[in-house]
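This report refers to the structure that appears directly beneath it.
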There are 2 protein chains.
Amino acid sequence: MSLKAPSHAIFALWTGLIRANADLQARIETALQAKGLPPLAWYDALWEIEKAGTEGIRPFALQDRLLLPQYGLSRLIERLVKAGYVERRACAGDGRGQMLHLTGEGARVRAAMWPVYETTLTGAVEARLSAAETVDLARLMQRLLG
Amino acid sequence: MSLKAPSHAIFALWTGLIRANADLQARIETALQAKGLPPLAWYDALWEIEKAGTEGIRPFALQDRLLLPQYGLSRLIERLVKAGYVERRACAGDGRGQMLHLTGEGARVRAAMWPVYETTLTGAVEARLSAAETVDLARLMQRLLG
DNA sequence: GTTATATTAATGCAACTGCATCTACATAGG
DNA sequence: CCTATGTAGATGCAGTTGCATTAATATAAC
């Protein structure tokens with residue numbers, strides 16, 4: 001039978017998690033901001049909408065993927081629309097709903113964000129972890145998520 | 001010489017980090033809120049101030065430990081003072097500064113938060129990771145932090 | 001069809017955050 | 001002493017978030 005982890009190990013994990021998250025997030029946001037690009041949260045939304053293609057996608061379907069509450073998503077979409085990156089279209093078959101579509105400008109901005117996002121993140125991780133450690137850490141993190 | 005981790009492993013790590021952080025944070029905040037206790041951010045501040053004892057502590061000294069910007073800390077302290085959990089006292093030798101002290105009520109609330117915090121966090125982690133995995137994960141996270 | 005319940009999305013309001021700036025005091029250089 | 005620069009902390013404002021509620025439509029029960 002397995003022993004329980006001592007509380008201090010769990011708290012070391014927890015504080016490490018918080019700090020690593022804050023550190024990486026800050027690096028990415030700073031890099032994006034330095035290039036005059038939108039915040040990271042927009043990237044994920046634009047990407048999910050872009051993947052939906054000509055079909056479009058319903059807001060409620062984005063909710064789980066984006067880890068946002070309903071009103072948070074509603075307002076994020078509102079901003080994306082106002083910025084001209086996303087279009088709302090009526091939803092055939094459900095009068096309550098809407099289909100979201102990426103505009104050309106939205107695609108352009110998403111594409112511009114990607115290399116900044118990617119190089120900042122991989123740069124920061126590779127500076128500190130070997131390939132093997134990265135894989136191990138990713139695997140353990142998945143286990144932590146159940 | 002070591003190989004670079006493939007980008008997908010780094011992104012798996014990154015999304016795992018975000019989700020694990022959000023998941024644990026949400027559990028703790030929910031548990032605290034369910035007991036009518038203040039948010040998690042208050043705990044750390046109260047605890048640091050409590051550790052400072054009768055000496056008290058200067059706000060700028062809390063900044064690094066609490067991972068807050070200067071104005072964020074200023075306002076957190078403002079709320080803690082208004083709630084009656086913290087006292088500001090004049091700072092001998094530096095007219096700009098102040099010394100922060102925990103009140104009895106502050107200590108009581110901090111103490112009430114602890115078991116909720118602790119059991120929620122350890123419960124969530126122990127449900128998914130063995131002791132060995134927890135230690136490994138904590139160690140790798142430290143490495144990620146440089 | 002009518003009523004009850006559920007789902008999609010938006011919104012009023014208060015609290016909170018980020019950014020830039022400001023005030024007050026401290027320290028250094030002349 | 002006086003001025004210049006640095007540091008501690010607060011704050012105005014605009015933008016964002018959380019919570020609760022609302023509006024509109026859909027589905028289920030009768």
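By convention in this document, chain letters (A, B, ...) are assigned in the order of the sequence lines, proteins followed by strands, and residues within each chain are numbered from 1.
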**OP:** Measure from CG on A:L67 to C1' on D:dG18 and round the result to the nearest Å.
**Re:** 16 Å
**OP:** Compare the minimum distances between each of C:dA9, C:dC19, D:dA10 and the side chain of B:R88, then state the nucleotide with the smallest one.
**Re:** D:dA10
Original post:
Between B:L32 and B:P38, which heavy-atom pair has the shortest distance, and what is it?
Top reply: CD1-O, 3.6 Å
**OP:** Check whether more than 12 heavy atoms from other residues, nucleotides or ligands sit under 6.0 Å from atom CD of B:E105, and answer yes or no.
**Re:** yes
Original post:
Looking at A:R88 and A:I77, what are the two nearest heavy atoms and their distance?
Top reply: NH1-CG2, 3.7 Å
Original post:
Nearest-Å distance, CG (B:L40) to C1' (D:dG18)?
Top reply: 17 Å
Original post:
With sugar-phosphate meaning primed atoms plus P, OP1 and OP2, does A:Q33 contact a base, only sugar-phosphate, or nothing at under 4.0 Å between heavy atoms?
Top reply: sugar-phosphate
Original post:
Taking the nucleotide of DNA chain D with the closest heavy atom to each, which residue, A:R79 or A:D94, is nearer the 5' end?
Top reply: A:R79
Subject >> Distance in angstrom units between A:D64 CG and C:dT7 P, rounded >> reply: 14 Å
Original post:
DNA chain D: B:R75 or A:P69, which has the more 5' nearest nucleotide?
Top reply: B:R75
**OP:** Rounded to the nearest angstrom, tell me the gap between atom CD1 in A:I57 and atom P in C:dT8.
**Re:** 13 Å
**OP:** Just call it for A:G97: base, sugar-phosphate, or nothing, with non-hydrogen atoms closer than 4.0 Å on any strand.
**Re:** sugar-phosphate
Original post:
So, is A:Q63 near the phosphate of C:dA9, with a side-chain N or O under 4.0 Å from OP1 or OP2?
Top reply: no
Subject >> Closest contact, heavy atoms only, B:D23 versus B:R128 >> reply: OD2-NH1, 3.5 Å
Strictly under 3.5 Å: I want the nitrogen or oxygen pairs between protein and nucleotides 20-22 of chain D, one per line.
none

Original post:
Is A:S74 near enough to C:dA10 that one of its side-chain N or O atoms lies under 4.0 angstrom from OP1 or OP2?
Top reply: yes
**OP:** Count the heavy atoms belonging to other residues, nucleotides or ligands that lie under 6.0 Å from NZ of B:K51, then report whether that count exceeds 12.
**Re:** yes
**OP:** Give the rounded distance in Å between these two atoms: CD of B:Q98 and C1' of C:dA26.
**Re:** 16 Å
Subject >> Heavy-atom pair with the smallest gap, counting every atom of A:L144 and B:L129 >> reply: N-CD2, 3.9 Å
Original post:
Are B:R96 and C:dT27 close enough that a side-chain N or O sits under 4.0 Å from OP1 or OP2?
Top reply: no
Subject >> Interatomic distance where CD belongs to A:E29 and C1' belongs to C:dC19 [whole Å] >> reply: 15 Å
Subject >> Between C:dT17 (P) and B:I77 (CD1): distance, integer Å >> reply: 13 Å
**OP:** For residues B:L67 and A:A22, report the shortest heavy-atom separation together with the two atoms involved.
**Re:** CD2-CB, 4.1 Å
Subject >> Separation of D:dA8 C1' from B:E78 CD (nearest whole Å) >> reply: 16 Å
Original post:
Is B:G95 touching bases, backbone alone, or none of the nucleic acid, heavy atoms closer than 4.0 Å?
Top reply: sugar-phosphate
